[in-house]
There are 2 protein chains.
Amino acid sequence: MGRKRLQTSADGRPTVHTVAARAGVSIASASRVLNGIGGSAETVRKVRAAAAEVGYVPNAIARSLQSQRTGLVALAVADIGNPVYVAMMRAIEAVVTSSGRQLLVHATGGEIESETDLLRRLANRYVDGMIMSPIRITDRHLDAIVVSPIPVVVVGQLPDDAPVDNVRTDSRAGVALAVDHLVAAGRQRIGLVNGPLDTVPGAARDAGFRAALASHGIPVDERLIEVGDFQYAAGRDAAARLFARAEPDALLCANDLIAVGALHALLTERRRVPEDVALVGMDDTELAQMAFPQLSSVSLGSAARGRRAAELLLERIADPDLPPRREHVAPSLVVRASSTVGRPTPGGTPSSRRPSSGGATRPGGRAAPADGTVGVTS
Amino acid sequence: MGRKRLQTSADGRPTVHTVAARAGVSIASASRVLNGIGGSAETVRKVRAAAAEVGYVPNAIARSLQSQRTGLVALAVADIGNPVYVAMMRAIEAVVTSSGRQLLVHATGGEIESETDLLRRLANRYVDGMIMSPIRITDRHLDAIVVSPIPVVVVGQLPDDAPVDNVRTDSRAGVALAVDHLVAAGRQRIGLVNGPLDTVPGAARDAGFRAALASHGIPVDERLIEVGDFQYAAGRDAAARLFARAEPDALLCANDLIAVGALHALLTERRRVPEDVALVGMDDTELAQMAFPQLSSVSLGSAARGRRAAELLLERIADPDLPPRREHVAPSLVVRASSTVGRPTPGGTPSSRRPSSGGATRPGGRAAPADGTVGVTS
DNA sequence: TTGTATGCGTTATCAA
DNA sequence: TTGATAACGCATACAA
């Protein structure tokens with residue numbers, strides 16, 4: 001009997017057996033030394049030497065099969081190109097790495113197949129837990145989550161009875177903050193450039209917008225509502241279509257990508273922002289600060305939601321028997337130059353009016369991101 | 001003898017044993033049915049039923065230990081916040097998924113520790129291969145790559161003797177394209193806003209800039225060179241510092257994030273772009289098209305490099321014995337409104353002048369991204 | 001077709 | 001301290 005030829009892995013790489021044989025000890029001793037537990041000075045020396053000589057690298061898969069954990073956590077988002085996910089990812093990563101784990105990100109493209117597929121594959125033990133922020137939530141998603149062998153935390157709206165850990169915000173209230181702000185600034189013909197209505201955020205923004213207008217006694221003019229998708233180009237084109245058929249004095253955009261697109265459309269047509277048209281985005285991403293003029297934007301607390309989701313996930317990994325939890329992060333409005341005529345320069349002005357729908361209004365010009373990340377290119 | 005109590009996994013989840021016992025067959029039969037090979041109609045029925053009843057989900061780790069592969073490929077980049085990596089990632093993902101694998105992304109923050117750590121952890125079999133695009137390449141990186149049990153492809157410059165698959169561009173030539181273009185447009189006082197000089201791209205841009213000026217007989221004015229990092233805020237601040245002490249009539253920025261920052265600084269000071277100062281970025285990311293005016297930018301073929309890197313990786317996974325390969329992607333210049341006075345509207349004008357240093361100059365206004373990704377928020 | 005037995009590479013158990 | 005051996009959960013060569 002005896003193993004294969006030279007106690008080497010299938011692809012010829014060294015294993016504990018290789019090291020043990022070379023050091024002249026048992027695999028148990030080799031394993032112990034390699035893990036830093038026990039061993040006489042002489043044994044330790046021999047094993048260390050043997051491992052170095054053959055270039056031994058432990059097989060993480062085998063180790064995980066034994067330990068039932070990989071130390072990996074995954075984040076599944078629709079589109080890494082959207083800065084809101086970058087902010088969320090950074091917050092999550094901070095929490096995850098501080099627990100000694102590593103974060104892996106997967107872009108699903110928003111496709112249901114891809115998302116449930118990912119759940120099927122990664123969740124089958126390749127990662128210890130997963131955070132997902134689906135744009136559309138279907139029964140397929142819920143089924144996949146419930147059957148998943150690993151903990152899953154969802155960022156975004158979920159049916160009330162779903163037994164799934166979940167961190168959400170109130171984007172309807174967020175929309176109300178923006179509308180309140182614009183109305184307080186004297187705007188009456190407020191337009192909306194939204195994403196698809198069959199998405200969770202798209203539907204919420206639409207409903208919130210109509211409700212907010214109603215609360216101010218402003219009738220809804222359907223010509224002032226345009227729908228594209230949540231991308232820059234769609235926002236630019238949708239805004240252009242809207243301007244071709246109506247004359248808004250303010251524009252609320254469903255996210256900052258759309259808002260930057262709308263800004264582009266406005267500037268192309270030589271309209272002044274905010275003098276002719278006030279502009280407000282949503283998500284309060286880096287893009288809002290990068291635009292000129294800087295964009296007012298409704299913060300939906302993406303970083304806070306990410307951080308909280310990560311914390312919930314770690315708690316559940318530690319104790320799988322916890323009951324499902326549901327947490328909320330309140331939206332707030334960050335006012336900058338794109339919606340305030342008096343202050344066209346960076347660093348917006350806080351709105352003094354208390355919004356009707358709860359939530360806070362914050363001054364603009366947050367401190368520069370203090371994370372040590374490095375942007376770079378080839 | 002006999003297994004634990006109820007042939008169930010350590011954490012109580014069903015295994016093949018659970019299913020087999022419940023179906024009254026051997027684990028071999030259960031495994032076969034579960035994998036869709038063989039089995040009588042009756043056996044198949046019983047196993048399927050049993051699997052469904054207990055909610056069986058295969059353990060991917062155990063399967064991988066057996067098959068020696070996970071079907072996962074990783075991409076390690078410094079900063080997901082930089083759109084250039086988003087473009088690269090999309091190209092890579094297309095190739096990877098079409099091979100039936102899945103792509104996972106990891107943001108390293110550009111820290112050496114994090115990058116070599118990642119190599120140590122993921123590369124130990126959690127993924128079948130890895131693509132990395134480090135901002136700084138140290139001996140630690142090379143050591144870690146060489147010792148890695150899985151294939152690694154590097155996007156970026158590498159020492160010539162490094163036995164590592166590698167896809168690179170010539171950013172010095174790219175810088176020359178930009179300088180040639182600006183000089184041809186009559187600009188003489190060209191500034192550079194660069195990233196850290198101890199990074200591979202930073203050093204290349206600095207050297208390329210000086211060489212390009214020399215080739216036109218323009219003396220280097222150190223006051224026209226500013227260094228920050230590769231981020232938006234740093235670009236904005238560095239540009240402001242530069243304007244405070246010199247009067248450039250053109251500005252070349254080391255990447256698009258810096259360029260957008262510089263644009264912000266220029267507009268804040270009410271300077272006209274491109275009339276007063278022409279602006280050229282690098283990487284030709286989505287940001288270049290989102291800015292107003294749209295930015296001319298040196299394309300370093302990030303999508304092409306990503307695609308090629310993915311192809312190289314898949315080839316090597318299929319045949320680990322291939323010799324190390326080194327591929328090049330030529331830079332090109334995309335001219336848009338920010339550097340051409342005659343055409344301030346979207347859709348730039350191609351430069352007619354053939355650059356001195358090889359490489360192509362392309363017309364601006366590429367078609368909108370046709371990938372089906374969805375940007376979205378909460 | 002079905003079951004038995006073994007291996008994947010590692011860690012943990014338990015005598016010695 | 002050390003070594004033989006049994007898991008971890010799955011797949012498969014081989015024999016029945």
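Sequence lines set the chain letters: A, B, ... in the order given, protein chains first and strands last, and positions in each chain run from 1. Any value given below was found using the heavy atoms of this structure, including those in side chains, with hydrogens, waters and symmetry copies removed.
Using a cut-off of 4.0 Å between Lys/Arg side-chain N and Asp/Glu carboxylate O, A/E327 and A/R168 are scored as not salt-bridged. Between A/D11 and B/R69, none of the side-chain N atoms (NZ, or NE/NH1/NH2) sits under 4.0 Å from a carboxylate O, so this pair counts as no salt bridge. A/E115 has no carboxylate O lying under 4.0 Å from a charged side-chain N of A/R140, or vice versa, which leaves the two without a salt bridge. Under 4.0 Å is where a charged nitrogen must lie from a carboxylate oxygen, and between A/E93 and A/R90 no such pair does. Under a 4.0 Å N-O distance rule, the pair A/D160/A/R326 qualifies as a salt bridge.
For B/I27 and C/dG7, the CD1 to C1' distance is 12 Å, given to the nearest whole Å. One atom, CZ of B/R125, and another, C1' of D/dC8, lie 18 Å apart when rounded to the nearest Å. Distance, B/R63 CZ to C/dG7 C1': 17 Å, rounded to whole Å. Between the C1' atom of D/dG9 and the CD atom of B/Q68 lies a distance of 15 Å, rounded to the nearest Å. When rounded to the nearest whole Å, the span between NE2 of B/H17 and C1' of D/dA11 equals 11 Å. What separates CZ of A/R69 from P of D/dC8 is a distance of 18 Å, to the nearest Å. Rounding to whole angstrom units, CD1 of residue B/I61 and P of C/dT10 are separated by 14 Å. Between the CG atom of B/L34 and the P atom of D/dC10 there is a distance of 8 Å, given to the nearest Å.
Between A/R32 and D/dT2, a side-chain N or O to OP1/OP2 separation shorter than 4.0 Å is absent. In terms of phosphate contacts, A/N59 brings no side-chain nitrogen or oxygen within less than 4.0 Å of OP1 or OP2 of C/dC8. One finds a side-chain N or O of B/S29 lying less than 4.0 angstrom from the OP1 or OP2 phosphate oxygen of C/dG3. The phosphate of D/dC10 has neither OP1 nor OP2 within less than 4.0 Å of any side-chain N or O from B/N35. Within the structure, every side-chain polar atom (N or O) of B/S40 is placed at least 4.0 Å from both OP1 and OP2 of C/dT1. For B/T15 and D/dG9, the shortest distance from a side-chain N or O to OP1 or OP2 is not below 4.0 Å.
Residue contacts for A/S64: at a heavy-atom cut-off of 4.0 Å it reaches no nucleic acid atom on any strand shown. No engagement by B/S67 is indicated, since no non-hydrogen atom pair under 4.0 Å with the nucleic acid exists. If you check every strand for non-hydrogen atoms under 4.0 Å, A/T43 touches sugar and phosphate atoms only.
When A/I37, A/V47, A/T43, A/V25 are each tested for a side chain to side chain contact (heavy atoms under 4.5 Å, CB included) with A/R32, only one passes: A/I37. Put simply, the residue from B/N124, B/D117, B/T116 that forms a side-chain hydrogen bond (donor to acceptor under 3.5 Å, both in side chains) with B/R120 is B/D117.
Remark: side-chain polar atoms of A/N166 are not paired, donor with acceptor, to backbone N or O of A/Q157 under 3.5 angstrom.
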Exercise. Could you go through the side chain to side chain donor-acceptor pair (under 3.5 Å) check for B/S64 and B/S67 one step at a time?
Key: CA-CA 5 Å; B/S64 292; B/S67 65; 4.7 Å; no
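Taking the P atom of each, D/dA15 and D/dA11 are spaced 22 Å apart, rounded to whole Å.
On a pure distance criterion of 3.5 Å, no polar donor-acceptor pair joins the side chain of A/R13 and the base of C/dG9. Looking at A/Q66, its side chain has no donor and acceptor atom pair within 3.5 Å of the base of C/dG9.
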Quiz prompt | Which nucleotides of DNA chain D pair, in dot-bracket form (Watson-Crick or G-U under 3.5 Å, | meaning another strand) | solution = ||||||||||||||.|
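Position along DNA chain C of the nearest nucleotide to B/L65 versus B/A41 favours B/A41 as the more 5'-ward residue.
In this structure, the nucleotide among C/dT10, D/dA11, C/dA12 sitting nearest to the side chain of A/A62 is C/dT10. Each of C/dT4, D/dG3, C/dT10 was ranked by its minimum atom distance to the side chain of B/A28; first place goes to C/dT4. Closest contact between the side chain of B/S31 and the listed nucleotides C/dT10, D/dT12, D/dG3 involves D/dT12.
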